[in-house]
Undergrad: 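Below is the structure I would like to discuss, written out as structure tokens.
Letters A, B, ... mirror the listed sequences (proteins, then strands); counts begin at 1.
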Amino acid sequence: MPQGSLALLVLRVLESGPLHGYAIAQRIRQLSGEVLEAEEGSLYPALQRMLVEGWVTAAWGVSETNRRVRFYTLTRAGQKQVKREIEQYEQVNAAIRSILYA
Amino acid sequence: MRKLLRRISYLLHRRRIDRELAEEMSAHREMMAEDRRTAFGSALRLREDSHAAWGWVWLERLWQDFNYGRRTIARHPGFALIAVLSLAVGIGANCAVFSMADTLLLRPLPVPHPSDVVTLGSRDVTGLGAAAGLNLLEASYPDYKDIRDRNTSFAGVVAYGITRLGFAARPDALPQLHTGSEVTGNFFDVMGVKPELGRTFRPEEDQVPGRDAVVILSHDLWEQEFGGDRSAVGREVRINGIPFTVIGVMPEGFTGVDHWVSSSFYVPMMMRPRLDGDSRDVLNSRDLRFFTLKGRLKPGVPITRARAELAALGKGLEQAYPATYKNQSFDVRTEVDSQIKRAPPITAFLGMLIVLAAAVLLVACANVAGLLTSRAPARAREMALRVAIGAGRMRLTGQLLTESLLLALAGGVAGVGLGYLGVLLFRQITYPSDLPLLLTFDLNQRALLFSLGVAMLSVFLFGLIPAIRTSRTDLTTALKAGGAAVPGRRREWGRSVLVSGQVAVSLVLLTTSMFLYLGFRESLARGPGFRIDHLLLMSFDPSASHYKAAQDHEFYKQLVERSRSLPGVRSVALASFVPMSVEIDSFSIVPEGYRLPPGQDGVSVMANRVNESYFETAGIPLVRGRGFLKTDTENSPRVAVINETLAAHYWPGQDPIGKRFRLEGWVEIVGIAKTTKYLSTLEPPADFLYVPYRQNPRGHMTLMVESAGEPAALTAPLREVVRGLDANLPIYDVRTMEEFYQARAVQVYQVILRAVAAMGLMGMALALAGLYGLMAYAVSARTREIGVRMAIGANRGEVLRMVLRQGFVLALSGMGVGLVLSAGVARVLRSTFPGDSPLAAYLLVTPAVLAVTMLAAYLPARRASHVDPMTALRDE
């Protein structure tokens with residue numbers, strides 16, 4: 001997974017509603033057709049950073065398998081951040097493409 | 001901002017948050033297992049990474065290091081004690097010296113934003129007053145008005161003069177002499193000081209000479225005279241006999257804007273002509289530079305701009321009034337700068353103490369650095385182990401520095417305690433007077449902050465290199481070697497240099513203090529050249545009671561006559577200057593036939609206005625000619641007595657009797673007096689001039705009474721005599737010459753000597769501890785080698801000599817360097833302390849130092865020679 005894109009993906013999947021950590025990882029895997037894998041080693045530090053930045057909030061709840069888990073919810077700042085990150089991603093992507101296929 | 005708040009709240013709740021994170025991550029793992037997916041990596045490591053996102057790792061590491069360091073230090077209490085004591089000595093010496101420098105030079109003015117306040121004015125570049133070691137900026141009142149109206153650099157400029165005035169809280173009370181300030185109306189506004197009670201001056205109260213008799217009291221005077229009664233404002237008091245209305249009281253802690261003199265009250269400058277009884281027009285004369293100017297710089301204006309502006313202004317004045325402003329140089333000085341220039345001897349003395357204290361600190365740091373280095377091999381295994389399990393070099397260095405920091409902080413706390421002892425010692429320096437100087441030595445906030453800074457600095461001096469060294473332990477050797485690693489040659493060489501350096505510096509300290517001690521003892525033994533015993537001193541300032549000059553004269557004439565007839569009185573004299581006091585009088589004279597340096601109008605000479613019996617009463621012998629006579633009056637030809645030094649200076653190889661010099665008119669020399677000490681017992685011979693009081697009258701004089709018995713017993717009858725002459729005249733500074741001499745000439749130097757000697761001894765003790773430590777360490781590191789030597793036939797004597805030789809080389813090389821250095825120091829000191837050749841100091845100190853250093857080397861050597869070869873070899 002390219003550097004820095006994990007945050008974008010996490011924020012993106014949270015746009016559809018609150019999810020717990022494991023569900024976030026699963027969703028990323030499914031949506032990417034089992035290509036991208038959010039490993040816990042990078043997922044949880046990334047989530048902590050988002051808490052520090054104030055993009056998400058966390059609240060305890062019960063999972064579909066009856067486990068005590070923490071649900072992450074996107075904040076207003078987080079929603080803005082998704083837009084910013086997508087824009088940034090598009091820019092960088094376009095720039096890379098123009099070099100690769102020039 | 002909110003992010004910071006979130007991080008701080010994390011810091012406060014991190015236990016809970018970490019627990020939650022752990023719980024969350026284990027749930028993740030379980031769910032993965034259910035999906036038959038495998039997890040990689042250590043759960044702990046993953047948790048630490050998530051936890052690092054909050055950015056507090058550095059703080060946690062510091063806390064860890066701190067706790068670890070605390071435990072490490074506690075495990076070696078002996079080491080810690082020596083290190084902390086060493087640092088305490090080094091930091092304490094600096095703390096004490098700083099406190100002294102703070103009192104003498106550095107303390108800021110007691111006003112808001114003191115760094116914006118500067119002193120301005122002009123000084124005579126040809127050096128009038130330079131003979132007395134003074135270099136002050138002064139200004140006349142017209143100067144003040146010009147500078148005030150024509151500058152663009154200052155938010156405000158004030159003028160003030162400090163004088164002795166007689167103050168009576170009630171009209172019928174006996175006036176007491178106090179120090180008062182005559183200040184311009186804007187004084188308090190510009191200085192930014194608000195009254196505690198009442199108000200400050202209104203602008204119109206400083207417009208018309210002699211009109212507005214209003215006074216503002218200092219907090220202390222208000223407490224003392226009115227017992228802190230708030231109704232004091234509005235009451236009438238008398239100053240020099242004139243009724244004044246109290247309009248305000250200054251807050252506690254505001255002592256005026258002079259570094260040394262505390263003001264008891266403040267009156268408008270315009271009241272000066274009525275208060276001082278001076279017939280000259282002080283407020284309109286450009287050549288009467290009686291005032292000090294202080295200005296508050298506008299925000300952002302650098303002092304250099306103000307200086308340039310004032311210099312230009314001075315040029316303009318010189319063109320307009322060439323005679324008055326010739327040789328006057330205008331300047332602007334910061335408070336510290338003006339204190340340094342005001343008393344160069346104090347600055348030189350402080351400089352010496354600062355260098356000595358820095359030397360003690362260096363020796364102390366070398367000691368601790370040596371101790372830490374000698375622990376490096378013992379800790380090599382620990383370090384290697386920590387590197388092996390993944391600690392970075394930086395982290396290890398940080399850990400070791402944290403330990404050093406702990407040592408330094410403990411040393412700092414103990415050092416402040418030691419510094420306080422130094423402050424107690426300095427408190428013995430006093431200036432006995434009824435108008436005390438602001439000379440209180442304190443361990444204030446600034447000194448504490450400074451000590452903390454010194455402690456921090458010492459960490460880098462003693463801790464950095466050993467920390468880098470230790471953390472750079474070679475992993476394989478350290479783990480393999482098992483016990484203590486063999487110290488590298490280079491490391492031991494470094495320590496040897498440290499120890500030699502310590503011996504060198506402490507030798508310099510000891511020879512210096514010995515040199516000062518010998519010089520001081522010698523000058524005390526020779527005596528000051530005037531009578532100390534059986535003399536009572538008593539000062540008067542009749543102008544403070546509003547006397548006219550003629551009345552002054554009549555009063556003194558009666559005073560001398562009536563005192564002389566008291567029983568138990570041998571002789572009575574009058575003098576304007578008491579030897580060893582700081583209130584020196586000086587005249588500018590032109591010796592006849594002497595070619596003055598170009599641009600100079602005269603030579604400045606310290607002087608004393610005395611009556612005819614002064615030489616007899618003060619016990620100063622006349623070597624040629626005569627003293628003063630009753631017939632040397634206002635109407636007879638003007639005469640003077642000069643001292644031998646002045647005679648040799650301007651009339652070398654001639655007989656000065658009958659020669660003349662100009663002092664507003666020709667004055668004939670009628671006698672030559674023996675040179676005595678005037679300002680300090682350690683001064684080099686100085687030019688001095690005596691003139692008859694009758695021909696050069698002055699209001700403020702001191703009565704010197706020689707007694708047959710105990711001089712203090714004459715105090716009561718003399719007070720009675722004064723009361724008989726004028727019940728309202730304040731008497732002040734009543735003291736015996738012995739007291740005064742003791743405080744001024746003996747006490748001060750004893751304190752200096754003790755301070756220097758204490759630093760020398762502490763430095764020496766530290767050096768000895770360092771030498772002993774190094775030798776003991778070397779012996780223990782060589783135990784095996786010594787065992788082998790003894791097993792193959794070396795006897796105890798040979799081993800003893802071998803180890804002693806090592807110590808001897810260290811001590812001798814250190815002493816060699818030390819002797820060279822102290823020869824340099826002695827040369828510098830001899831310019832201010834004229835003592836005998838420093839040879840005596842060397843002869844006394846060097847053998848003693850050699851003996852104790854050899855003892856420090858002998859103890860470990862003896863232990864080495866008692867090594868049992870069997871145990872030594874089995875040990876390893």
Undergrad: Given heavy-atom pairs under 4.5 angstrom as the criterion, report whether the side chain, backbone, both or neither of Leu51(A) touches chain B.
TA: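 Its backbone and side chain both get close to chain B.
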Undergrad: Give a yes or no on whether Gln445(B) atom CD has more than 12 heavy-atom contacts from other residues, nucleotides or ligands under 6.0 Å away.
TA: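 No, CD of Gln445(B) has 12 or fewer neighbouring heavy atoms, counting only those of other groups under 6.0 Å.
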Undergrad: Answer yes or no: are there more than 12 heavy-atom neighbours, outside Trp60(A) itself, under 6.0 Å from its atom CH2?
TA: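 Yes.
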Undergrad: Does a sphere of radius 6.0 Å around CD in Gln88(A) hold more than 12 heavy atoms from other residues, nucleotides or ligands, not counting ones at 6.0 Å or beyond?
TA: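 No, not enclosed.
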Undergrad: Give a yes or no on this: more than 12 heavy atoms of other residues, nucleotides or ligands lie within 6.0 Å of atom CZ of Arg446(B).
TA: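 More than 12 heavy atoms, drawn from other residues, nucleotides or ligands, come within 6.0 Å of this atom.
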Undergrad: Just how far is it from atom CD of Glu53(A) to atom CZ of Arg6(B), taken to the nearest 0.5 Å?
TA: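 Going from CD on Glu53(A) over to CZ on Arg6(B), the span is 7.5 Å.
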Undergrad: Please look at Leu21(B) and chain A and tell me whether the side chain, the backbone, both or neither of the residue comes under 4.5 angstrom of a heavy atom of that chain.
TA: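 Backbone plus side chain of Leu21(B), per the 4.5 Å heavy-atom cut-off to chain A.
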Undergrad: So what's closer than 4.5 Å to chain B heavy atoms on Val52(A): side chain, backbone, both or neither?
TA: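 The answer is both parts of Val52(A).
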Undergrad: If I take atom CD from residue Glu24(B) and atom OH from residue Tyr44(A), how far apart are they, to the nearest 0.5 angstrom?
TA: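 The OH atom of Tyr44(A) is 4.5 Å from CD of Glu24(B), to the nearest 0.5 Å.
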Undergrad: Need one label for Arg70(A): side chain, backbone, both or neither, based on atoms under 4.5 Å from any heavy atom in chain B.
TA: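 Answer is both: backbone and side chain atoms of Arg70(A) are under 4.5 Å from chain B.
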Undergrad: Is it the case that atom OH in Tyr68(B) sees more than 12 heavy atoms from other parts of the structure closer than 6.0 Å?
TA: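 Yes, OH of Tyr68(B) has more than 12 neighbouring heavy atoms, counting only those of other groups under 6.0 Å.
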Undergrad: Is there a side-chain contact between Met31(B) and Gln26(A) in this structure, where contact means two heavy atoms from C-beta onward sitting under 4.5 Å apart?
TA: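 Answer no - side chains too far apart.
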Undergrad: I need the residue from Arg67(A), His20(A), Met50(A) with the largest number of non-hydrogen atom pairs under 4.5 Å to chain B.
TA: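 Top count of heavy-atom pairs under 4.5 Å with chain B: Arg67(A).
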Undergrad: So with a 6.0 Å cut-off around CZ of Phe79(B), is the heavy-atom count from everything else above 12?
TA: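 Enclosed.
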Undergrad: Would you say the side chain of Glu30(B) lies within less than 4.5 Å of the side chain of Tyr22(A), judging by non-hydrogen atoms?
TA: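 Counting from C-beta outward, Tyr22(A) and Glu30(B) never come under 4.5 Å.
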